[in-house]
Amino acid sequence: MQRREFLKSATVTGTVAMLTPSALTAQDAASSVKTFKLGYAPHQGMFRNLAGDDVIDQIKFAADQGFTAWEDNGMPSKPAELQEKIGKTLDSLGMQMGVFVAYASFDKPTFVRPEEDSTAEILQAVKDAVTVAKRVNAKWCTVVPGSVDQQHADSKWNRYGGGRLAEGYQTANVIDMLRRCVEIVEPEGLVMVLEPLNWYANHGGTFLQRSDQAYAICRAVNSPCCKILFDIYHQQITEGNLIPNIDASWSEIAYFQTGDNPGRKEPYSGEINYQNVFQHLHQKGYKGVVGMEHGLSGKGKEGEQQLIEAYQKADDF
Ligand SMILES: O=C(O)C(=O)CO
């Protein structure tokens, strides 16, 4: 058993109290911090003031606060060497790697109305994601399947007016494209998680908005490697009714993200009762990652401490 693991289990059984103070270094004491019940995943920059600029130090700091996962949307643009270093660090700390973004288009109908060049781009991005996932031991990657068809018959994408594909054909094209992506990820065991996004605060025009829509698409693609990323922040804005919608789409959800509304900051900065939502996920036996894809309502060290305390409160059930 690793010393860190020993200390974690010792805390649970109460044996840490029996160790003499001299037997514990300051680092060990930090290591005995209780881990969260769910796999909340901070990202680079969230602890810049408390842990310094180095991402490896930030990951270690997060582990010492009891976080058991990490997320990095921008992982593919990091140098391969750094990706590997991050993967090894997470591994040595027993932390899960959460999502990075494999493919996201917010304003082009690349899935609903595919063209040769955009299709090649999507398939290449998914192939690249397999390589990145291996370096960082990631099981999931995010896919945002483009915008709705706003195409004018006589011009390029994103012009209103004129003809456009009816919704059913757009959906069928998305399903076809995802099946092609699945052929790449399935043999590698990498799960693409599709993220419905809200139109009203952040991403007007994206094709995928609702959890029922994502559910129907995942059922049609019918692969263990094409699932839903249920972002609680986006879904609070688009549809509310969080717990019933999570239950209804549960069998297709593979990943969660958080953020309070309005403002997309840490829990308790807005209107969502995160303690109840997290308790619900825990009761359902969710063992995956809950990505903290949001900002901080406070500034500097105090803001970061407030963020940690918000998760401690939300996790206290
Ligand atoms: O850009 C966003 O808002 C997303 O959640 C994409 O990952």
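Note that ligands are numbered from 1 as they come in the structure, with each ligand's atoms numbered from 1 the same way. Computed from a predicted structure; not experimentally measured.
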Visitor: For atom 4 (C) of ligand 1, what is the nearest protein heavy atom, given as residue, atom name and distance?
Guide: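 The protein heavy atom lying closest is E293 OE2, 3.4 Å.
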
Visitor: Which residues pass the salt bridge (Lys or Arg N to Asp or Glu O under 4.0 Å) test with K227, not counting sequence neighbours?
Guide: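 Testing K227 for salt bridge (Lys or Arg N to Asp or Glu O under 4.0 Å), a comparison that skips the adjacent residues, returns E252.
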
Visitor: Only heavy atoms of H234, strictly under 4.0 Å: list the atoms of ligand 1 that pass.
Guide: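 Here the atoms of ligand 1 in question are 2 (C), 3 (O), 4 (C), 5 (O).
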
Visitor: For ligand 1, does H294 get within less than 4.0 Å through its side chain, its backbone, both, or neither, judged by non-hydrogen atoms?
Guide: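 H294 to ligand 1: no contact under 4.0 Å from either part.
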
Visitor: Would you name the heavy atoms of Q235 and R210 that are closest together and state the gap between them?
Guide: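 For Q235 versus R210, the nearest heavy atoms are OE1-CA, 4.1 Å.
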
Visitor: Please list all pairs meeting side chain to side chain donor-acceptor pair (under 3.5 Å) that have one or both residues in residues 168-185, counting only residues at least two apart or in different chains.
Guide: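 Qualifying pairs: none.
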
Visitor: Counting non-hydrogen protein atoms only, what is the nearest one to atom 1 (O) of ligand 1? Give residue, atom name and distance.
Guide: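 Nearest neighbour among protein heavy atoms for atom 1 (O) of ligand 1, to 0.1 Å: H203 NE2, 3.0 Å.
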
Visitor: Which pair of non-hydrogen atoms, one from I228 and one from S249, has the smallest distance, and what is that distance?
Guide: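 Where I228 meets S249 most closely, the heavy atoms are CD1-CB, 4.1 Å.
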
Visitor: How close does the nearest protein non-hydrogen atom get to atom 6 (C) of ligand 1, and which residue and atom is it?
Guide: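 That would be E195 OE1, 3.3 Å.
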
Visitor: Parallel, tilted or perpendicular: which one describes the rings of F67 and Y40, with boundaries at 30° and 60°?
Guide: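 The arrangement is perpendicular - the two ring planes meet at more than 60°.
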
Visitor: Specify whether F230 and F256 have parallel, tilted or perpendicular ring planes, treating 30° as the upper limit for parallel and 60° as the lower limit for perpendicular.
Guide: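 Plane angle between 30° and 60°, so tilted.
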
Visitor: With respect to R264, determine whether any N or O atom, backbone or side chain, lies less than 3.5 Å from an N or O atom of ligand 1.
Guide: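 Yes: some nitrogen or oxygen of R264 is under 3.5 Å from one in ligand 1.
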
Visitor: Does some non-hydrogen atom of L197 fall short of 4.0 Å from ligand 1?
Guide: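 In this structure, L197 qualifies as a contact of ligand 1 - some heavy atom is under 4.0 Å.
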
